[in-house]
*Asks:* 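Before I ask anything, here is the structure I am working with.
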Amino acid sequence: MLLLAMAAEWSRAIEERTVGGGAVFLLPFADRSEEELLAGAGLSAAERERYAQFPVGAVQRRKEWLAARVLVREKLGGRIGYDSFGRPVPEGGPVAENRHISIAHTRGWAALMATYGRRCGVDIERTTRDAARTIVRAASAEELRLATVLFPANPALLVWCAKEAAYKAVGQAGMDFRTQIILTGRTGGGRLSASVSGEGLTLEFFETDGLLVVVGPV
């Protein structure tokens, strides 16, 4: 009964959205203790070994790591593994074949995107984060003008999150964010188009509870 109650409680806390060809799950964990997240993550022996390697003072990093595993356990019924390129992949669960996942986290939030048949990418940030310095080396003036139309409150942040999501979706290590990941236009609503090493992608973004979420491909 206790396990069922815990599962129901986690389910109520997780926000779920259907976006394009996938599902996005968001978990706020700022008010969760590390002990709660640890219980909800249901770590395997190997994961417990990895968890034990985090520095004692890295509380936020440990909570982010645990929150992502809570999401995968609760929503996919499995665990997070990694492929030879370091990309997260689902392990176990009732239907893991041809399923792709992407994970992200920021202060107090964790995100999971899951799709079938095509790699996906998700990035999240607090809408108040100042990304102006970060974006200088990663974006052109034209990309910032485009983002200003789409997200005038914080265009630099939209560009950064969009490039991160596109990078995760394509999954090529060592890409140059300025020259190889280029935002090319908008397709209406909360969607924008991008070119990643010549491959066209459509990304989608939305806001929720002070959080900017960008996902792709859509």
Side-chain angles (χ1 to χ4, degrees), residues 6 9-11 13-16 24-93 100-114 119-135 137-138 154 156-158 160-169 171 173-175 177 207-215:
M6 288 178 60
E9 200 279 332
W10 281 118
S11 182
I14 296 170
E15 178 181 343
E16 179 177 348
V24 177
F25 308 98
L26 299 167
L27 173 63
F29 64 85
D31 295 331
R32 303 280 182 169
S33 69
E34 191 170 340
E35 290 70 25
E36 287 179 285
L37 292 166
L38 181 59
L43 302 182
S44 66
E47 287 174 322
R48 285 187 174 276
E49 288 184 10
R50 174 67 185 90
Y51 172 69
Q53 293 172 8
F54 282 102
V56 174
V59 176
Q60 182 62 26
R61 182 68 187 92
R62 289 199 304 270
K63 290 179 69 174
E64 291 172 351
W65 189 85
L66 289 169
R69 279 146 185 83
V70 171
L71 280 171
V72 173
R73 184 189 188 197
E74 291 296 324
K75 292 304 178 181
L76 304 185
R79 303 182 187 281
I80 298 174
Y82 294 91
D83 65 15
S84 58
F85 298 99
R87 292 186 295 254
V89 295
E91 291 185 343
H100 299 273
I101 63 172
S102 180
I103 57 178
H105 39 70
T106 189
R107 190 178 73 255
W109 285 86
L112 164 70
M113 185 175 187
R119 288 200 299 269
C120 58
V122 60
D123 195 51
I124 59 174
E125 288 289 353
R126 295 278 189 171
T127 56
T128 54
R129 178 191 167 184
D130 184 358
R133 289 187 178 181
T134 303
I135 209 63
R137 296 185 301 274
N154 197 340
L157 187 66
L158 176 60
W160 179 254
C161 288
K163 294 203 174 199
E164 280 280 0
Y167 173 76
K168 293 177 181 180
M175 298 190 72
F177 273 34
E207 289 182 79
T208 180
D209 290 330
L211 197 70
L212 175 63
V213 183
V214 183
V215 302

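Predicted model only: the values in this text are computed from it and were never measured.
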*Asks:* Could you check if a side-chain atom of K168 sits within less than 4.5 angstrom of a side-chain atom of D123, using non-hydrogen atoms only?
*Replies:*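 Yes, close enough: below the 4.5 Å cut-off.
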*Asks:* Please round to the nearest 0.5 Å and tell me the distance separating atom CG of L71 and atom CG of L76.
*Replies:*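 With rounding to 0.5 Å, CG (L71) is 8.5 Å from CG (L76).
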*Asks:* Can you give me the closest heavy-atom contact between A68 and I103, atom names plus distance?
*Replies:*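 Scanning both residues completely, I find the closest heavy atoms to be CB-CD1, 4.4 Å.
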*Asks:* For S102 and V122, work out which heavy atoms get closest and say how close.
*Replies:* OG-N, 3.1 Å
*Asks:* Is L43 close to L66 at the side-chain level, that is, under 4.5 Å between some pair of heavy atoms?
*Replies:* yes
*Asks:* H105 versus W65: any side-chain heavy-atom pair under 4.5 Å?
*Replies:* no
*Asks:* Report the distance from atom CG of L37 to atom CG of L27, rounding to the nearest 0.5 Å.
*Replies:* 7.0 Å
*Asks:* Should we say atom CG of D31 is surrounded by more than 12 heavy atoms from elsewhere, each under 6.0 Å from it?
*Replies:* no
*Asks:* Ignoring hydrogens and geometry, is there a side-chain-to-backbone donor-acceptor pair from R69 to I80 under 3.5 Å?
*Replies:* no
*Asks:* Between R32 and E9, does at least one N-O distance fall below 4.0 Å, as a salt bridge requires?
*Replies:* yes
*Asks:* Would you say K63 and S33 make side-chain contact, with heavy atoms under 4.5 Å?
*Replies:*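 With C-beta onward as the side chain, the pair stays apart.
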*Asks:* To the nearest 0.5 Å, how far apart are CG in L211 and CD in E125?
*Replies:* 8.5 Å
*Asks:* Heavy atoms only: give me the nearest C161-V214 pair and the separation to one decimal.
*Replies:*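 That would be CB-CG2, 3.5 Å.
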*Asks:* Would you please name every residue forming a ring-ring contact (aromatic ring centres under 6.0 Å, His included) with W109, sequence neighbours left out?
*Replies:* none
*Asks:* Contact between K75 and E16 at the side-chain level, heavy atoms closer than 4.5 Å - yes or no?
*Replies:* yes
*Asks:* Would you indicate whether the side-chain heavy atoms of F177 and E164 approach each other to under 4.5 Å?
*Replies:*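 Contact flag for E164/F177 side chains = yes.
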*Asks:* For A41 versus R79, what's the shortest heavy-atom pair and its separation?
*Replies:* O-NH1, 4.4 Å
*Asks:* Nearest heavy-atom pair of Y167 and A173: which atoms, and what distance?
*Replies:*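 For Y167 and A173, the tightest heavy-atom pair comes out as OH-CA, 3.8 Å.
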*Asks:* Can you confirm whether the side chains of E207 and T127 place a donor and an acceptor under 3.5 Å from each other?
*Replies:* no
*Asks:* Which pair of heavy atoms, one from V89 and one from Y82, lies closest together, and at what distance?
*Replies:*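 Looking at all heavy atoms of both residues, the shortest contact is CG2-N, 3.7 Å.
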*Asks:* May I ask you to check whether over 12 heavy atoms, not counting those of R50, lie within 6.0 Å of atom CZ?
*Replies:* yes
*Asks:* I need the W10 CH2 to E36 CD distance, nearest 0.5 Å.
*Replies:* 6.0 Å
*Asks:* Hey, are the side chains of L26 and D209 touching, using non-hydrogen atoms and a 4.5 Å cut-off?
*Replies:*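 Heavy-atom side-chain distance check fails, nothing below 4.5 Å.
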*Asks:* Between atom OG1 of T128 and atom CZ of R107, what is the distance when rounded to the nearest 0.5 Å?
*Replies:* 6.0 Å
*Asks:* Check whether any side-chain heavy atom of T106 lies under 4.5 Å from a side-chain heavy atom of R129, and answer yes or no.
*Replies:*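 Side chain of T106 against side chain of R129, heavy atoms only: no contact under 4.5 Å found.
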*Asks:* Please identify each residue that fulfils ring-ring contact (aromatic ring centres under 6.0 Å, His included) with Y51, with sequence neighbours left out.
*Replies:* none
*Asks:* Go through the structure and list residues passing salt bridge (Lys or Arg N to Asp or Glu O under 4.0 Å) with R62, not counting sequence neighbours.
*Replies:* E34
*Asks:* Nearest 0.5 Å, what's the CD1-CG distance between I124 and L112?
*Replies:* 10.5 Å
